[in-house]
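Read through the structure below, which is laid out as structure tokens, and then see the notes.
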Amino acid sequence: MDVLLQCAMACLPVRLATRAGTLTAGILRVVASRLPAKDAGLVAALSPRWRRAWRSAPLVLDDVHLAVAGVRETVPAVDHLLAAHPGPFRTVRLTFSFFGSLHHERELARWPRLLAAKGVQELFFINPPPPMDMPLPADILRCAELRGLYLGFWEFPGIRCLPDGAGAFPHLREFVLLNTRIGDRDLDHMLASSPALETLALLRLPQHVRLRGQNLQCVLFWLSMADELAVVDTPRLERLLMWLTTTSCGLDEFDSDDEPPMTIRVRIASAPELKVLGYLDTRVHQLQIGNTIIKVDTEASPSFMIPSVKILALRVDFRVFTEVRMLSSFLRCFPNVETLHVVFSMTDQPTGKHYGEFLSKLSPIEYLQSHTKKVVLHEFRGDLGEVVFLQHLTQRVKQLQNLTIVLSKDILLSVDDMKLVVPRELATPPWASKSCTVLLVGPKHAWNFHRASDLSTDDPFDSEHGQEFFCFIKEGGQTIWKHM
């Protein structure tokens, strides 16, 4: 429970606390609109002048500030502020108001009506568990002025429960559901009624997700469980990001040489502007492009390629031969990848296939040879399959300019040994590229939800790494050391 709450809270934007210094009368309104709730309440109590400024400025309310200020019961305090302020509400952030008991039923029913009536533009409504799936009042869907909506630990109201005049969001640009149960049809309705929606983020999912949206640009599935993720009609979608996804039934034990009994179908029908995709998991995801399901023996064809993808991230266990073959099939679908991220995962049942066959299955990937300029290998442990793949890349990728190897916390050798082994393994085979910079770095920091959804960040998978152990440039047959 605590882990789910921490993950959900990590998805919310960082709080910005503002303090006022010496002010002129002309900017009292601006300052009052930006003060945390506890400070706004204090200055409003000090003088009628400040009280008028607070009431005339758009409300910015964060219930955590009330708790920090020593308010014992945040729900009554929030209720008073929502009722006292005439509106409009710019940002209301409710993450510390607990509705698990029956003491605050009146406030829970009243707040959505106040928020809608006073035109809230950005709403964070997180119900800290328990319970996990408390019914969300349907009146929350009357908030037609919303630009951003973040809901956590609720059960989303069904479309049949919508009150009159509810359910249309002409200005909504960002919609985030954190551990909130929502039906397939209800999510369809939200997408259809939000024509300006640009970012959709789902921490856990309904069983079937069908993405439609004329302005949708970024979609994140995080710690999500679903049977199908379908990109149906998204003409402006640039990013489709999946992190730690699994099926709604979970993954049972299976023979690693066979197809897993439960997979998530990732179906891409129409996404002509898709540039960033990942992490595609060779064990969990069944990729379908158009009407073609990509299998281990699928031959390359322009009819099921997505040439717009420039950054691709994959997760694969190189000790399981079926996953290696699926990696090869996945790569053929994306002929213009410039940056490739590969996460080395580990299962409990390696197949122990010969790596000569491994190389023969990877050899047809001519697209990597001519387009890929940057490769990042994550969770590198030094396993034989990982080393063979590393050598394979350096021998075949002609345009490779940057190679970063990110060590796992569970490396098979010590860091000092890795600093010797990796350069030795890369020294012998001839390199295909004329010049390439190689970095060996420590484990990376946790995947960042906000970085992933920030379209101004070029590569959402290229997070900060730990200590840099060595850097050298490979030029022809020479190795030029920068530091070690």
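Along the sequence shown, residues carry numbers from 1. Because the structure is predicted, anything quoted here is derived from the model rather than measured.
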Query raised in the report: Looking at C143 and V120, what are the two nearest heavy atoms and their distance?
Result: SG-CG1, 3.9 Å

Report task. Give a yes or no answer on whether the side chain of S308 reaches the backbone of L274 with a donor-acceptor pair at less than 3.5 Å. Result -> yes

Query - Test item: side-chain donor near acceptor, K474 and T479, under 3.5 Å - result: yes

Query raised in the report: Are F472 and L439 close enough that some pair of their side-chain heavy atoms sits under 4.5 Å apart?
Result: no

**Report entry** Min side-chain heavy-atom separation L377-L390 under 4.5 Å
**Finding:** yes

Query raised in the report: Do you see a donor-acceptor pair shorter than 3.5 Å between the side chains of Q207 and D227?
Result: yes

**Report entry** Gap between atom CZ of F153 and atom CG of L136 - 0.5 Å precision
**Finding:** 14.0 Å

**Report entry** Nearest heavy atoms of G213 and P235, plus distance in Å
**Finding:** O-CD, 3.6 Å

Report task. Verify, without hydrogens or angle tests, whether T234 (side chain) and S270 (backbone) share a donor-acceptor contact under 3.5 angstrom. Result -> yes

Query raised in the report: Pick from H189, E228, H208: which one makes a side chain to side chain contact (heavy atoms under 4.5 Å, CB included) with D184?
Result: H208

Query raised in the report: Any side-chain heavy atom of L141 sitting closer than 4.5 Å to one from P157?
Result: yes

Query - Inter-residue atom distance D459.CG - K310.NZ, 0.5 Å rounding - result: 14.0 Å

Report task. Mind running side chain to side chain contact (heavy atoms under 4.5 Å, CB included) on L178 and L151 for me, showing each step along the way? Result -> CA-CA 6 Å; L178 310 171; L151 299 174; over 6 Å; no

Query raised in the report: Side chains of M346 and R381: closer than 4.5 Å at any heavy-atom pair?
Result: yes

Query raised in the report: With a 4.0 Å cut-off, would you call R319 and D317 a salt bridge?
Result: yes

Query raised in the report: Distance from L314 atom CG to L331 atom CG, nearest 0.5 Å?
Result: 5.5 Å

Query - Ring geometry between W154 and F125 (parallel below 30°, tilted from 30 to 60°, perpendicular above 60°) - result: tilted

Requested in this report: Inspect the surroundings of CZ in R210 and state if more than 12 heavy atoms from other residues, nucleotides or ligands are less than 6.0 Å away.
Outcome: yes

Query raised in the report: What are the two closest heavy atoms between D139 and A116, and how far apart are they?
Result: O-CB, 4.4 Å

Report summary line: Nearest heavy-atom approach of C436 to N402 is SG-N, 3.9 Å

Requested in this report: May I ask you to decide if R396's main-chain N or O and W431's side chain share a donor-acceptor pair within less than 3.5 Å?
Outcome: no

Query raised in the report: Who are the salt bridge (Lys or Arg N to Asp or Glu O under 4.0 Å) partners of R147, not counting sequence neighbours?
Result: E145

Requested in this report: Would you sort out whether I311 and L277 count as a side chain to side chain contact (heavy atoms under 4.5 Å, CB included), showing the intermediate values?
Outcome: CA-CA 6 Å; I311 300 175; L277 175 63; over 6 Å; no

**Report entry** Steps toward ring pair (Phe, Tyr, Trp, His ring centres under 6.0 Å) verdict (Y279, F461)
**Finding:** CA-CA 9 Å; Y279 291 95; F461 307 111; 4.9 Å; yes

Query - Residue pair Q286 / R265, side-chain donor-acceptor N/O under 3.5 Å - result: yes

Query raised in the report: Would you say the side chains of E379 and S408 form a donor-acceptor pair under 3.5 Å?
Result: yes

Requested in this report: Verify the neighbour count for atom CG of N291: are there more than 12 heavy atoms of other residues, nucleotides or ligands below 6.0 Å?
Outcome: no

Requested in this report: Compute whether any side-chain donor of one residue and acceptor of the other, for H341 and D462, lie under 3.5 angstrom apart.
Outcome: no

Query raised in the report: Just wondering, more than 12 heavy atoms not from K398 lying within 6.0 Å of its NZ?
Result: no

Requested in this report: Would you check if the side chain of E425 reaches a backbone N or O of V421 as a donor-acceptor pair within less than 3.5 Å?
Outcome: no

Query raised in the report: Does P307 offer a backbone N or O that forms a donor-acceptor pair with the side chain of N336 under 3.5 Å?
Result: yes

Query raised in the report: Is any side-chain heavy atom of L200 less than 4.5 Å from a side-chain heavy atom of L202?
Result: yes

Report task. Before accepting this row, confirm whether a basic side-chain N of the pair R451/D454 lies closer than 4.0 Å to the acidic partner's carboxylate O. Result -> no

Report summary line: Hits for side-chain hydrogen bond (donor to acceptor under 3.5 Å, both in side chains) against T91, two or more places apart or cross-chain, chain-then-number order -> E122

Requested in this report: For L123 and F89, run side chain to side chain contact (heavy atoms under 4.5 Å, CB included): C-alpha distance rounded to whole Å, both residues' side-chain angles, the deciding distance at 0.1 Å, then the answer.
Outcome: CA-CA 9 Å; L123 175 62; F89 293 172; over 6 Å; no

Report summary line: The reported gap from CZ in R267 to NE2 in H285 (rounded to nearest 0.5 angstrom) is 15.0 Å

Report task. Look only at the side chain of T404 and the backbone of V376, and say whether a donor-acceptor pair between them is shorter than 3.5 Å. Result -> no

Query raised in the report: Would you say E174 and L149 make side-chain contact, with heavy atoms under 4.5 Å?
Result: no

Query raised in the report: Do side-chain atoms of S329 reach the backbone of V296 as a donor and acceptor pair under 3.5 angstrom?
Result: yes

Requested in this report: Please name the pair of heavy atoms, one in V231 and one in L240, separated by the smallest distance, quoted to 0.1 Å.
Outcome: CG2-CD2, 3.8 Å

Query raised in the report: Distance-only, no hydrogens or angles: does the Q391 side chain make a donor-acceptor pair with backbone N or O of L393 under 3.5 Å?
Result: no

**Report entry** Sidechain-backbone polar pair: N215 side chain, P195 backbone, donor-acceptor under 3.5 Å
**Finding:** yes

Query - Heavy-atom side-chain contact between S194 and F175 under 4.5 Å - result: no

Query raised in the report: Could you walk me through whether L211 and D233 pass the side chain to side chain contact (heavy atoms under 4.5 Å, CB included) check?
Result: CA-CA 7 Å; L211 297 177; D233 183 19; over 6 Å; no

Query - Side chains of V219 and L237 in contact at under 4.5 Å (non-hydrogen atoms) - result: yes

Report summary line: Taken to the nearest 0.5 Å, the spacing of T95 OG1 from D62 CG works out to 5.5 Å

Query raised in the report: What's the shortest heavy-atom distance between P170 and A196, and which atoms?
Result: O-CB, 3.6 Å

Query - From CD (E299) to CZ (F304), nearest 0.5 Å - result: 8.0 Å

**Report entry** Listed partners of K275 passing salt bridge (Lys or Arg N to Asp or Glu O under 4.0 Å), at least two apart
**Finding:** E273

Report task. Examine the side chains of S328 and R332 and answer whether a donor and an acceptor come within less than 3.5 Å of each other. Result -> yes

